[in-house]
Structures are given as C-alpha cells and as structure tokens.
A.B. asks: 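The structure's right below; bear with me while I get my questions together.
In what follows, every chain begins at residue 1, and chains take the letters A, B, ... in the order their sequences are listed. Keep in mind the model is a prediction, meaning the values are calculated, not measured.
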Amino acid sequence: MSAEKFDIHYVANLARIALTPEEEQRLGSQLGNILGYVEQLRAVDVSGVEPTSHAFPLVNVVRADVRQPGLETEEALRNAPLKANGLFMVPKIVE
Amino acid sequence: MPHRLNISELTARLARRETSAREAMQSCLDHIGRVDSAVKAFLSYDTADALAQADRADREIAEGRTHAEKPLLGVPIALKDVLCQQGQPLNCGSKILGNYRSPYDATVVVKLKEAGAIVFGRLNMDEFAMGSSTENSAFFTTRNPWDTDRIPGGSSGGSAAAVASNECLASLGSDTGGSIRQPAALCGCIGVKPTYGRVSRYGLVAFASSLDQIGSFTKTAADAALMTQIISGHDPRDSTSLNEPVPDYRAALGNDLRGLRLGVAKEFMVGGLDPEVRDSVDAAIRQLQSLGATVEEVSLPHSEHAVATYYIIATAEASANLARFDGVRYGARVAGSDPTEMYERTRGAGFGAEVKRRIILGTYVLSSGYYDAYYLRAQKVRTLIRNDFLKAFEKVDAIVSPTTPTAAFRLGEKTQDPLQMYLSDIFTISCNLAGISGLSMPCGFTKSPKLPIGLQLLGKPLGEPTLFHIAHAYEQATGWHLERAPLA
Amino acid sequence: MEYEAVIGLETHVQLRTRSKMWCGCANEFGADPNSNVCPVCLGLPGVLPVANDEALRLTVLTGLLLGCEIPRRAKFDRKNYFYPDVAKNYQITQYDQPSTRDGFLEFEFEDHLERVRITRAHLEEDVAKNFHFSRESGVDFNRAGVPLLEIVSEPEIRSAHMAHAYLNALVEVLVHGGISDCDMEKGMLRCDVNVSVRPRGTTTLGAKIEIKNMNTFSGVRRALDYEIPRQIAAVSRGEKLRQETRRWDDDAGITEPMRSKEHAHDYRYLPDPDLLPLEPSDAWLAEVRSRVIELPLARKQRFARDYGLPAGDAEVFKGNLTLGAFFEQAANGAKNPKAIGNWVINNLAAKLNESQSTLADLKFPPAALRELVELVESGKISTKIAQEVFGDMFTSGKSPTAIVEEKGLLQVSDTGALETFCDQAIAANPGPAQDFRTGKMAALNFLKGQVMKLSKGKANPSVVGDILERKLRA
C-alpha cells in the first residue's frame with residue numbers, strides 16, 4: 001500500500017489516460033501522499049462488519065419489460081465526433 | 001428590482017401582477033450583465049430561451065394559473081453544469097465534453113419545468129464536481145461575491161455564488177462530499193443535501209453514484225423547503241430513488257424549537273477550527289437553545305476516518321463513471337491510430353489534473369490485488385460511520401456543527417496540496433457516507449474581511465422536515481440570511 | 001504419451017424479452033443502425049440503468065431448468081474495460097453473486113447419458129456491434145444493453161464432438177424453455193471455449209487457452225479439432241503452453257493469438273452503485289417456477305417409456321414441442337400409440353411441410369387422428385384408403401368416420417362380393433392366372449391389384465388374397 005509500490009504507468013494505462021512525464025512525476029508523489037493518508041483505515045477494526053454499497057437498504061428494484069421510445073438515429077448521432085452511415089466511427093479496431 | 005427578491009416574495013408579486021416573469025428574468029439577466037464579469041458564476045446562458053420561457057409563464061399567469069398549482073411559475077432558476085437540460089450545453093466544468101448538448105432533461109429539470117420555473121443558465125463548477133473551490137473548472141474560477149479574491153467553495157461554487165449575488169432566485173447543485181453545503185456556507189446562502197434517494201439522480205452526471213445527491217441553493221429556509229419539495233420524489237428511472245411520499249416541507253416551518261433535541265458532535269468541535277467559526281457556531285447553538293431546543297453532546301467516533309473512506313469510495317466509483325468520456329459517442333476527440341491511443345489522448349487532453357488524480361486513485365484502489373485492502377475495507381468503515389449516525393439519532397433529532405473549518409480561503413491557497421483541499425470537507429463528508437440529510441445556513445460573519453460562516457444541520461434519513469423547521473426558526477430569530485454580498 | 005483435452009464452454013445467449021436490459025429500447029434484430037437506442041444504452045452522461053424484470057425471471061428460469069441453486073441474494077457489478085462497443089466502458093454483469101449457480105446439463109452422447117456440471121448462469125448486458133472498414137470501424141449500439149445470459153460449464157467436456165453435443169442439448173433446453181430463440185445467424189447465441197490438454201489419467205489442468213469468434217456450432221467443433229491436436233503436438237515437443245486468448249479464423253481453419261488480448265485483464269470489478277441487490281421472494285420464485293417446462297431429454301425418455309415409441313420417433317418429438325403435444329393428445333387412450341406416432345411423424349409432419357402450414361392451422365383435432373388409426377386397426381379401412389381419408393381430413397377437417405361413410409370407403413370383406421370380383425379378374429387375365437398356377441407367386445399380387453381396382457380400393461387385401469389362391473389352386 002505504500003507509494004513505492006504504486007505503478008502509475010500501469011494504472012494510467014488501465015484508466016486510458018495519457019500522462020506527460022511531468023504529470024506522472026507529480027501525480028505519483030501526490031497519490032503517494034494520499035495513499036499514505038488513507039493508510040489510517042488499516043487501524044480500524046472492521047471484523048464482522050458488512051460493507052455498505054448503498055446508502056439505503058433497498059432490494060429488487062425493477063422495471064416491467066415494456067418498450068419505450070428512444071432517440072431518432074440522427075439525434076443519437078448528433079454529438080458524435082465522427083459518424084458515417086448511421087454509425088459512430090472510430091479508428092480501426094484490431095482484434 | 002425583482003432579482004433581489006427571494007422566491008416567496010417574487011411569486012407573491014407575480015400573483016398580484018406587481019411584476020411579470022419577463023421583468024424578473026430580464027432583471028436577473030441585467031444583473032448578470034453587471035456583476036458576472038466579477039463573480040464568473042455562469043459558464044453560459046441562453047437569453048432567448050430564458051425570455052421565451054418567461055413569456056410562457058406570463059401567459060399562464062394571465063390565463064389564471066396560480067402558484068398553488070405551479071409553485072415556481074415565473075421564477076428564474078439556474079443549474080450546475082452537471083445537470084442535463086435538453087438542447088442546452090453540458091460540460092461538467094470540463095473540456096472533454098466539447099460541444100455536447102444533452103438530448104434529454106434530467107428528472108429534476110422536468111420537475112422544475114412542471115412547477116413553472118424558468119430554467120436557464122449553466123453554472124460553473126469544479127470539473128466533474130471534483131473539488132472544493134471551483135479552481136478545478138476547466139474554464140475559469142468563480143469568485144466569492146463577498147470577496148472576489150477568495151474562492152466561492154465547491155464543487156457547486158457557481159450555484160452558490162449566483163444565488164449569493166442575486167443573479168438568480170435559486171439554483172441547483174450536487175453534493176457528493178459537501179459540494180452544496182460547503183459553497184453555501186462560504187457564500188452565505190442556504191444549501192440542502194437531501195437524504196440519499198430523496199431526489200432522482202437521473203440526468204445528474206455521476207461523480208460517485210452512491211454518494212451523489214442533487215439539492216438547492218436559496219436565500220431563505222422557506223425557499224429551501226419549497227425547492228426541495230419540488231425536486232423530491234420517486235423516479236422509476238433511478239433505481240436508488242426512494243418510493244416514499246414527500247411530506248409538505250413548508251408545513252414544517254415554525255418559529256419554536258421546544259421539544260427538539262439537538263446533538264453537538266464532540267469530534268466536530270476540535271482541531272483546525274477557526275476561532276471565529278467556533279464562536280459563531282457556539283453562538284448559534286445558544287440561540288437554538290433559547291428557541292427551546294435542548295442540546296447534548298453526541299459522539300461520531302468513526303468520523304475521523306470519513307475523509308479517507310470517502311476518497312477511496314468516491315474515486316473508485318468515479319473511475320468507472322468517468323470511463324464513458326472516451327470520444328466515441330460524444331466529446332472532444334483527439335485522434336489516435338487505434339481506439340486505445342485515441343482514448344488515452346482524448347482523456348489525457350480532456351481531463352484536468354484533479355480529475356486525472358482521482359480517476360487514477362480510483363483505478364488503483366480497484367486494481368487486481370488491492371480491492372480488499374482499499375475498497376472493501378472502506379465500504380466497511382462506511383458502515384461504521386453510518387451506524388454512528390443512526391445511533392446518535394436515537395438520542396437527538398438533528399446534529400449541529402460548523403459546515404467548514406474556516407471561512408472562504410484565497411484563490412490558489414490550497415491548489416498545490418490536494419490533501420489539504422480534501423481536508424476542508426472534513427465536516428460535510430460523513431453525511432454523504434451515511435446517506436442522511438443535511439443543510440448549511442448562514443450563522444454569522446468573520447470580521448475582516450466580512451465573510452459568511454455556515455452552520456451545518458444534519459438530520460436523520462428523510463429528516464428534512466426537522467432541518468427546515470430548525471433553519472426557519474433560527475433564520476427568523478437572527479436575520480443572518482438577510483445580509484447581502486457587496487456584489488449582490 | 002496419450003493426452004486428453006479438458007474443455008469448458010462459456011455460452012452467451014440473448015434473452016427473449018421485448019425491451020433491453022436497462023432501458024425501454026426494443027430488443028430486436030435487424031433494425032437500421034443506431035435506431036433502437038436511447039440515452040441509457042448509448043451511455044450518455046447522466047443516465048441510470050433500471051433492471052428488466054422479465055430478464056431476471058428468464059435468468060432464474062434458466063437456472064431452474066439447469067438444476068441450479070438460486071441464491072437468496074444476487075447483485076450486479078461493473079466490469080471495467082475500454083472497448084468501442086462498450087458504451088459506458090464498463091459492462092454490467094454479475095461477478096461474485098450470480099443469480100444462479102451449481103447446476104448441470106444432461107444429454108445423450110455416444111449411446112449413453114452425459115452430465116456436464118454448470119458452474120453458473122449469470123445475467124449481463126450485450127455490447128454493441130462493430131463493423132470494420134478499410135481504415136475505420138463503425139459502431140451500432142442497437143445490440144448494446146440487450147439482456148445476455150452467460151452460461152459457464154465446468155471443464156468436463158472431453159472432445160470436440162462432445163462439445164457439439166453439449167451445445168445442441170443446451171440450445172434445446174433454452175429454446176423450449178422460452179429463454180432465447182438461440183438464432184446463431186442473428187447472433188443470439190455465441191460461445192467461447194476454454195481448452196487445455198493433459199496426459200490422460202492426470203488431474204492437473206494445463207495452461208488454459210481461450211478461443212473466441214466461433215459463430216457456428218460446427219465452427220466450435222472445427223476450432224477444437226484444430227486446437228486440441230495443436231496443443232498436444234506442442235506439449236509433445238516439450239513446449240510449455242501459456243495462458244492466452246486465440247481467435248478462430250473460420251476461413252483459414254486455424255486459431256491464432258489475439259493481439260488485443262495480449263495484456264492480462266484487470267477488470268476492477270465493483271458492485272454497481274446504481275443497481276440494488278436482488279433478493280428473490282418465495283412468491284416471485286414460485287411464479288418463475290410455474291414456467292418450468294419438461295426438458296426435451298426427459299420428454300424423449302418419457303415418450304419412449306409411456307408410449308413405447310422407438311428411439312428415432314421419440315427423438316423427433318424431443319425436438320418438436322408442438323408436434324409432440326399433438327401426438328400426446330392423439331395418443332391419449334389409444335390402443336396403438338406407436339402407430340399414431342408413425343402417422344404424426346410420417347404423414348402429418350410431411351403434409352404440414354408440403355402445405356407450408358403449422359399445427360395451429362390444422363383443421364382436425366388430435367382425436368380425429370386416433371379415430372383414423374383405429375379405423376385401420378379394426379380392419380374397417382385399408383392403409384391405402386386411410387391415406388386418402390387423411391388427405392381429405394387435412395383439407396376439409398371432417399372426421400374420418402364421416403369421410404369413410406360419405407364416400408363409401410368401408411373396406412369390403414363380404415366374400416360374396418369379393419368372389420365375383422376375383423372371378424372377373426381371373427377371367428380377364430388368363431396369362432397371369434396361368435403364371436401363378438405354374439409357380440410364379442408374383443402373379444398373385446398382380447391379380448390382387450386387379451381386384452382392388454375393381455373394388456375401387458375398398459376390398460380387404462388379405463381376404464382377396466385368400467379367395468384368389470383358393471380359386472386358382474382349385
């Protein structure tokens with residue numbers, strides 16, 4: 001959990017964020033500090049404690065299987081940076 | 001000058017035909033023209049659309065529509081740039097969305113429109129609601145209307161500054177760790193963070209889904225009750241929205257606090273607290289006692305871990321929530337030779353430093369081998385924090401504290417040290433972790449310079465009526481809310 | 001050394017719902033690109049998912065059909081990875097608390113019953129569809145957010161052939177159970193294969209190699225027929241295989257490493273904060289349980305047992321639910337269900353096929369077929385006449401008895417009338433009559449045919465044979 005173990009290059013790659021070397025340097029040390037700060041949680045006794053994922057204990061919230069109108073194709077593509085023939089265009093995907 | 005009015009005053013005048021919605025809207029626009037170059041609350045606003053909405057409201061009033069039917073008919077209200085309004089820009093204070101315009105209305109926007117409000121203007125914020133000063137906006141920093149060398153707070157800094165400077169009658173913001181209450185405190189208005197699930201999040205761009213909640217900024221407690229009334233309620237589009245009836249919040253307003261039990265958390269009244277803030281809060285507590293409330297000490301022993309817990313949970317959720325900003329379907333794409341390169345360049349160029357910092361932190365705490373040590377553990381500590389509150393609320397009806405440790409700080413004062421910035425949210429964060437209700441209201445000023453000080457009230461889950469009751473009574477007794485900023 | 005393959009299948013099927021998993025867009029194949037989309041399935045800023053109740057029911061129903069445990073609590077998680085077909089860049093799935101787990105699939109394979117354990121069947125969302133052009137790719141989000149069930153088998157499959165049998169059996173269960181149409185041409189069913197090899201008799205698993213991009217069941221078989229020998233050859237040469245993902249190239253008939261999957265995945269699962277846990281109530285489970293159907297295999301076994309059908313006939317009804325139901329109604333109380341089965345399979349099915357109609361269009365009830373068979377069984381009409389009656393039933397819907405009476409088709413067994421016909425036939429055909437007398441037995445059939453002709457087909461052939469023989473030998 002210490003800063004030395006923090007491989008910013010690996011994590012930035014997972015997050016798909018290009019960082020300049022300066023950013024890597026600065027973020028690395030800032031995140032090291034923050035991770036040092038959150039170390040305090042290690043000292044909390046959480047044995048037998050259930051994790052909280054939701055602030056309110058609701059269950060089984062569903063919708064009926066009913067069709068609703070969506071967006072017209074033109075509207076759906078309106079904000080697209082690049083579009084053609086009704087498709088969102090991206091650089092060629094290599095599988 | 002209708003822009004100086006609060007909602008109750010404006011609607012009363014509209015009903016008596018003493019002013020028109022168009023006049024009110026124009027008055028706000030004129031005032032924005034005068035002061036916003038200094039306050040810088042608005043990222044943009046659509047004058048033609050605002051006036052068209054005002055004219056529609058006037059026609060409805062002329063046709064006999066009343067404010068009993070449409071409580072916000074003709075009232076100009078602005079939105080934090082994280083709430084979707086159909087056909088209007090949505091940037092979340094970021095460069096990454098480019099020229100994006102939302103094809104749909106957030107549920108709260110639908111509700112405001114149904115209530116007759118004139119919904120106009122995009123208010124500045126910290127990028128993706130990550131920050132406490134609006135200094136993380138990709139566009140510019142909003143200034144505190146009480147002192148333009150100081151920050152308005154954040155992340156909903158534009159929403160707070162716009163109301164505090166009378167640029168609109170009320171506004172909406174979002175609160176993930178204090179992003180409504182902290183700027184409300186620093187700008188001197190009333191900011192409400194409703195119970196998690198009380199207000200639909202549909203159309204709120206998610207930062208941390210399990211903590212985010214939409215709330216209002218207003219000039220009075222009565223207006224806060226009204227705004228919360230309008231935006232609350234179950235929404236089938238939000239699975240986490242509560243299917244509970246919305247009580248009449250305005251019926252809860254009173255001047256008498258007899259029988260109310262208030263708690264003061266001992267953990268909130270220590271270290272780092274500015275003496276003037278402490279004095280104001282102490283005086284406020286005495287005032288509440290004089291109105292009939294009893295006060296006792298309560299303990300929230302795990303709140304010391306709230307900031308650490310918050311920064312793990314919020315960043316982890318954010319790392320997933322912000323993954324969709326990739327330049328494929330929308331946003332400012334930076335070209336690449338393959339999708340991965342395009343993502344990395346788009347996100348590298350589109351996100352600011354704080355957003356990158358949090359996404360990377362959140363990615364890290366979820367990454368292989370670290371989940372249990374960070375995320376799962378934080379969720380367990382979250383349970384302990386929530387349990388502390390539920391236990392305290394067995395004894396008291398509400399908890400009183402300062403909203404912030406200090407009044408508004410100077411621009412640039414904390415930008416170099418993210419951790420210090422995070423710690424300025426120390427009193428507000430646990431409310432979101434516990435999912436309870438909270439608000440901040442003015443309770444005095446520092447002497448020199450004169451800067452607002454905020455009093456935070458924390459209530460039970462769905463305890464909003466109690467908060468509005470206390471706030472209204474306190475406001476009536478003190479009149480702090482009537483003080484106006486120099487730029488108002 | 002002899003090696004054996006260890007194969008596990010991950011089968012993805014689109015659930016048969018009207019709307020998508022999290023939004024009201026149509027779950028429909030073949031629409032124009034990006035025409036079944038909305039802010040939710042496009043992953044626009046600010047949207048939230050709400051779970052489709054029917055998809056949850058179909059998931060649990062699948063679990064029940066596969067003998068799975070239905071846990072009291074399930075949840076949805078986010079699986080984070082960036083890909084242009086994933087709108088949110090995370091896929092909502094069920095990670096550590098799926099809606100069903102620990103079941104099995106039984107199927108016939110090489111003349112015995114196989115049982116492959118099912119690890120889990122969990123609910124997730126489908127991704128968009130990518131189209132590849134020369135320099136760019138295009139994305140259509142119509143498929144994004146369609147409810148998708150992932151059915152994971154234990155690595156208990158031993159051969160390409162067995163994998164094929166498993167998939168066919170699974171499809172039968174899913175189609176008959178109303179879970180999915182499983183139309184592979186429409187991409188409703190896709191599967192990934194995990195395969196490794198090990199020396200026969202050992203129990204440790206070799207490096208797991210995943211194969212993707214098989215679009216047909218025969219593709220799965222061919223991919224395994226290529227991949228298993230490839231791995232065995234490599235291991236035999238002393239190579240150490242490493243875990244990897246390979247892509248099946250159907251045209252070339254080979255598997256090859258996938259470039260995009262070089263890095264080990266770090267999916268950073270987290271519980272989806274936008275979706276609440278699932279805790280199926282007893283009442284809800286009972287409703288789902290009421291939709292459980294008899295599995296095709298169980299049905300085949302029952303048909304063979306209860307109606308004495310030959311395996312081939314029972315197999316036909318296993319694969320055709322409505323035809324089987326028709327058969328059961330017709331066979332109900334019948335003396336010779338086997339004959340009814342024969343009629344249903346050989347005549348009815350053919351007739352339906354030839355007239356391009358379905359059982360729903362059929363004009364006569366199942367009991368009428370039973371009546372027809374009984375007319376034959378009791379000797380009232382000949383099999384040949386029965387064909388004619390059946391044709392009439394099919395077009396008019398009249399009862400067989402009515403048709404027989406109307407047309408006077410009752411078989412003539414009255415020896416007086418038949419004697420006359422026989423005399424006429426012998427007189428008119430002296431050549432064949434002589435042939436029979438000189439020992440050419442086949443000539444009798446010719447004369448029999450002549451008598452049938454004279455009787456307009458109504459003569460009872462065996463009685464005619466007896467009379468002719470008697471007369472000719474006299």
A.B. asks: At a heavy-atom separation under 4.5 Å, does C:Arg268 approach chain A through its side chain, its backbone, both, or neither?
C.D. replies: side chain

A.B. asks: Give a yes or no on this: more than 12 heavy atoms of other residues, nucleotides or ligands lie within 6.0 Å of atom CZ of C:Arg247.
C.D. replies: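 Buried by this count: over 12 neighbours within 6.0 Å.
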
A.B. asks: Of C:Met21, C:Arg18, C:Lys20, which meets side-chain contact (heavy atoms from CB on, under 4.5 Å) against A:Asp65?
C.D. replies: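 It is C:Arg18; the other options fail the test.
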
A.B. asks: Got more than 12 heavy atoms from elsewhere within 6.0 Å of CD, A:Gln40?
C.D. replies: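 Atom CD in A:Gln40 is crowded, with more than 12 foreign heavy atoms closer than 6.0 Å.
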
A.B. asks: Are C:Ser19 and A:Arg63 close enough that some pair of their side-chain heavy atoms sits under 4.5 Å apart?
C.D. replies: yes

A.B. asks: OH of C:Tyr95: more than 12 outside heavy atoms within 6.0 angstrom?
C.D. replies: no

A.B. asks: So, does C:Asn34 use its side chain to make a donor-acceptor pair with the main chain of A:Gly86 at under 3.5 Å?
C.D. replies: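 Yes: the side chain of C:Asn34 pairs with the backbone of A:Gly86.
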
A.B. asks: Would you mind checking which part of C:Leu278 comes under 4.5 Å of any heavy atom in chain A, side chain (CB onward), backbone (N, CA, C, O), both or neither?
C.D. replies: both

A.B. asks: Which answer fits A:Ala84, side chain, backbone, both or neither, if we ask what part of it has an atom under 4.5 Å from a heavy atom of chain C?
C.D. replies: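 No part of it gets close to chain C.
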
A.B. asks: Against chain A, label C:Cys41 side chain, backbone, both or neither, depending on which of its atoms sit under 4.5 Å from a heavy atom there.
C.D. replies: neither

A.B. asks: Measuring heavy-atom distances to chain A, does C:Asn27 have an atom under 4.5 Å in its side chain, in its backbone, in both, or in neither?
C.D. replies: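 The answer is the backbone of C:Asn27.
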
A.B. asks: For the side chain of C:Ser137 and the backbone of A:Ile93, is there at least one donor-acceptor N/O pair under 3.5 Å apart?
C.D. replies: yes

A.B. asks: For C:Arg135, is it the side chain, the backbone, both or neither that has a heavy atom under 4.5 Å from a heavy atom of chain A?
C.D. replies: backbone

A.B. asks: Heavy-atom count check: over 12 atoms from other residues, nucleotides or ligands less than 6.0 Å from C:Glu256 CD?
C.D. replies: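 Yes, because the 6.0 Å sphere around CD of C:Glu256 holds more than 12 heavy atoms from other groups.
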
A.B. asks: Check each atom of C:Phe133 against the heavy atoms of chain A and say whether the ones under 4.5 Å are side chain, backbone, both or neither.
C.D. replies: both

A.B. asks: To the nearest 0.5 Å, how far apart are CD in C:Glu28 and CZ in A:Arg67?
C.D. replies: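 Output value for this atom pair is 5.5 Å.
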
A.B. asks: Please classify the contact of A:Val66 with chain C as side chain, backbone, both or neither, using a heavy-atom distance under 4.5 Å.
C.D. replies: backbone

A.B. asks: Examine whether an atom of C:Pro277 lies under 4.5 Å from a heavy atom of chain A, and if so say whether it belongs to the side chain, the backbone or both; otherwise answer neither.
C.D. replies: both

A.B. asks: Specify the closest pair of heavy atoms between A:Leu14 and C:Phe82, including all atoms of both residues, with the distance to one decimal.
C.D. replies: O-CE1, 3.6 Å

A.B. asks: What part of C:Leu275 gets closer than 4.5 Å to chain A, counting heavy atoms only: side chain, backbone, both or neither?
C.D. replies: backbone

A.B. asks: With a 4.5 angstrom heavy-atom cut-off, which part of A:Asn85 approaches chain C: side chain, backbone, both or neither?
C.D. replies: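 For A:Asn85, the backbone is the part near chain C, not the side chain.
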
A.B. asks: Pick from C:Leu276, C:Asp32, C:Leu44, C:Asp272: which one has the most heavy-atom pairs with chain A under 4.5 Å?
C.D. replies: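 Most heavy-atom pairs under 4.5 Å with chain A: C:Leu276.
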
A.B. asks: Can you see which heavy atom on C:Cys38 is nearest to which on A:Gly70, and at what distance?
C.D. replies: CB-CA, 3.8 Å

A.B. asks: Below 4.5 Å from any heavy atom of chain A, which atoms of C:Trp284 appear? Answer side chain, backbone, both or neither.
C.D. replies: neither

A.B. asks: For C:Asn130, which atoms come within 4.5 Å of any heavy atom of chain A: side chain, backbone, both, or neither?
C.D. replies: side chain

A.B. asks: Measure distances from C:Asn213 to the heavy atoms of chain A and classify the residue's part below 4.5 Å as side chain, backbone, both or neither.
C.D. replies: neither

